[in-house]
> 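Here it is, the structure in full.
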Amino acid sequence: MSQPLLIGIAGGSGSGKTRFGSDLQKSFPVGTVEIFSLDNYYRPQEEQPKDFEGEPNFDTPESFYQQRLFEDLRSIKLGNELQVPKYQFNIDRGADPVYITVRPTPIVLVEGIFTFYFQEVVDLLELKIFIQAPLWLMMKRRIERDEMERGYGDMKQTLMRFERHVAPAFNQYILPCREKSDIIIPNHESYDNALSLLRTYLSARLAEK
């Protein structure tokens with residue numbers, strides 16, 4: 001079996017990375033594209049760095065189990081199947097872990113806000129895609145996601161996290177990494193065209209293998 005193509009997808013929180021990866025996956029036959037999410041490598045809340053008021057800050061490079069991330073990604077690159085504990089937001093620490101299977105399909109999408117920040121990850125990628133969206137749109141999507149998907153019903157807390165953690169992290173860590181990308185997609189303007197072009201490109205790459 002040949003090694004999978006590792007395609008990186010990065011961008012700010014709420015930029016549309018997860019949706020883009022999911023839509024790209026759905027545009028191929030089942031078993032062609034797998035998603036490797038950096039979200040599953042977050043440290044638990046009690047191990048997160050704290051801000052100046054003692055609030056856990058999930059938007060730093062230290063928020064992740066970096067070594068496990070690097071080792072798992074190298075393993076999937078070599079064609080190994082992984083059992084990865086799924087990170088579950090806003091649940092009791094004592095809850096039983098839920099494991100997901102990550103398979104070395106022909107294409108593996110490596111998705112997360114810090115995908116291009118860690119050089120150990122960048123070195124394994126065949127193609128680097130940066131999803132770009134204005135801050136106001138990322139904040140709107142973050143509010144909707146926190147309420148609908150993560151069970152955070154307090155908009156005041158979501159806005160506090162965005163202002164104190166998300167936006168500064170975007171400017172300090174994520175936006176500078178845009179320079180490492182091969183393709184920049186303005187998600188609020190060219191979504192469908194970009195999706196079609198990426199599908200055509202990746203189909204051609206698979207035909208070469």
> Look at the side-chain heavy atoms of Ile, Leu, Val, Met, Phe, Trp and Tyr, link any pair under 4.5 Å apart, and say whether V102 and V98 land in one connected group.
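No.
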> Salt bridge (Lys or Arg N to Asp or Glu O under 4.0 Å): which pairs involve residues 59-74, sequence neighbours left out?
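Residue pairs passing salt bridge (Lys or Arg N to Asp or Glu O under 4.0 Å), neighbours aside: none found.
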> Run the side-chain contact (heavy atoms from CB on, under 4.5 Å) test on I107 and Q25 for me, step by step, so that the C-alpha distance in whole Å, both residues' side-chain angles and the decisive distance to 0.1 Å come before the verdict.
CA-CA 9 Å; I107 297 170; Q25 181 185 44; over 6 Å; no
> Just distance, no hydrogens or angles: give the donor-acceptor pairs under 3.5 Å from side chains in residues 121-131, sequence neighbours left out.
unit_1 : atom_1 : unit_2 : atom_2 : d
D123   : OD1    : Q119   : NE2    : 2.8
E126   : OE2    : K77    : NZ     : 3.3
K128   : NZ     : D182   : OD2    : 3.4

> Would you say the side chain of L24 lies within less than 4.5 Å of the side chain of L202, judging by non-hydrogen atoms?
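Yes - at least one pair of side-chain heavy atoms lies under 4.5 Å apart.
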> Would Q48 and Y42 satisfy side-chain contact (heavy atoms from CB on, under 4.5 Å), going step by step from the backbone distance to the final call?
CA-CA 9 Å; Q48 288 296 323; Y42 274 116; 4.2 Å; yes
> Can you name the closest pair of heavy atoms from P44 and Y65 and give their distance?
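Heavy-atom minimum between the residues: CD-OH, 3.2 Å.
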> Rounded to the nearest 0.5 Å, how far does OH of Y87 lie from CG of L38?
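Output value for this atom pair is 14.0 Å.
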> According to a hydrophobic-cluster definition based on side-chain heavy atoms being under 4.5 Å apart (Ile, Leu, Val, Met, Phe, Trp, Tyr only), do L197 and L109 belong together?
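Per the 4.5 Å side-chain linkage, L197 and L109 are not co-clustered.
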> State, with a plain yes or no, whether a side-chain heavy atom of F28 is found less than 4.5 Å away from one of R199.
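Sidechains of R199 and F28: in contact.
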> Applying ring pair (Phe, Tyr, Trp, His ring centres under 6.0 Å), can you list everything that pairs with Y41, at least two apart in sequence or on another chain?
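Partners of Y41 under the ring pair (Phe, Tyr, Trp, His ring centres under 6.0 Å) test: F36.
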> Quick one: OG1 on T18 to CD1 on I9, what's the gap to the nearest 0.5 Å?
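Taking OG1 in T18 and CD1 in I9, the distance rounds to 8.5 Å.
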> Find the distance between OG (S75) and CG (L82) and round it off to the nearest 0.5 Å.
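Going from the OG atom of S75 to the CG atom of L82 covers 4.5 Å.
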> How close do P106 and G31 get, heavy atom to heavy atom, and via which atoms?
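Minimum heavy-atom contact is CD-O, 3.6 Å.
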> First locate atom CG of L78, then atom CD of Q3, and finally report the distance between them rounded to the nearest 0.5 Å.
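Between atom CG of L78 and atom CD of Q3 there are 6.0 Å.
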> Take E144 and R141 through the salt bridge (charged side-chain N to carboxylate O under 4.0 Å, His left out) test and state the conclusion after the steps.
CA-CA 5 Å; E144 294 170 348; R141 290 170 176 167; over 6 Å; no
> Indicate yes or no for a side-chain donor-acceptor contact from K86 to the backbone of N40 under 3.5 Å, with no hydrogens or angles considered.
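Pair absent, no side-chain N/O of K86 close to backbone of N40.
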> Would you say that R178 contacts L175 through its side chain, given a criterion of any heavy-atom pair below 4.5 Å between the two side chains?
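Counting from C-beta outward, R178 and L175 do come under 4.5 Å.
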> Which distance, rounded to the nearest 0.5 Å, do you find between the CZ of F58 and the CZ of R43?
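That separation rounds to 12.0 Å.
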> Pairing donors with acceptors under 3.5 angstrom, does anything connect the side chains of S63 and T60?
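Looking only at side-chain atoms, T60 and S63 do form a donor-acceptor pair, the distance falling under 3.5 Å.
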> Determine whether more than 12 heavy atoms belonging to other residues, nucleotides or ligands lie under 6.0 Å from atom CD of E81.
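Enclosed.
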> Heavy atoms only: give me the nearest P176-N171 pair and the separation to one decimal.
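Closest approach of P176 to N171, heavy atoms only: CD-O, 3.5 Å.
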> Which heavy atom of P186 sits nearest to which heavy atom of I184, and what is that distance?
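Looking at all heavy atoms of both residues, the shortest contact is CD-O, 3.6 Å.
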> Would you indicate whether the side-chain heavy atoms of F162 and M138 approach each other to under 4.5 Å?
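Heavy-atom side-chain distance check passes, below 4.5 Å.
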> Do the non-hydrogen side-chain atoms of T32 and T105 ever get within less than 4.5 Å of each other?
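No, every pair of side-chain atoms sits at 4.5 Å or beyond.
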> Anything under 30° is parallel, anything over 60° is perpendicular, the rest tilted; go ahead and classify F114 against Y117.
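If you compare the ring of F114 with that of Y117, the planes turn out perpendicular.
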> Side-chain contact, heavy-atom cut-off 4.5 Å: S13 with F170?
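No - every pair of side-chain heavy atoms lies 4.5 Å or more apart.
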> Would you please test I7 and V33 for side-chain contact (heavy atoms from CB on, under 4.5 Å) and show each step?
CA-CA 10 Å; I7 310 299; V33 179; over 6 Å; no
> Does I183 form a side-chain contact (heavy atoms from CB on, under 4.5 Å) with L198? I'd like the steps, not just the answer.
CA-CA 10 Å; I183 300 171; L198 258 296; 4.0 Å; yes
> So how far is it from E34 CD to T101 OG1, rounded to the nearest 0.5 Å?
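Taking CD in E34 and OG1 in T101, the distance rounds to 8.5 Å.
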> Do R164 and F52 touch side chain to side chain, with heavy atoms closer than 4.5 Å?
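In short, these two side chains touch, coming nearer than 4.5 Å.
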> Tell me if a side-chain donor or acceptor on Q66 pairs with a main-chain N or O of P61 at a distance below 3.5 Å.
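Flag set: sc Q66 to bb P61 pair under 3.5 Å.
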> With a 4.5 Å limit on heavy-atom distance, are the side chains of I76 and V110 in contact?
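They are not in contact (no side-chain heavy atoms under 4.5 Å apart), so the answer is no.
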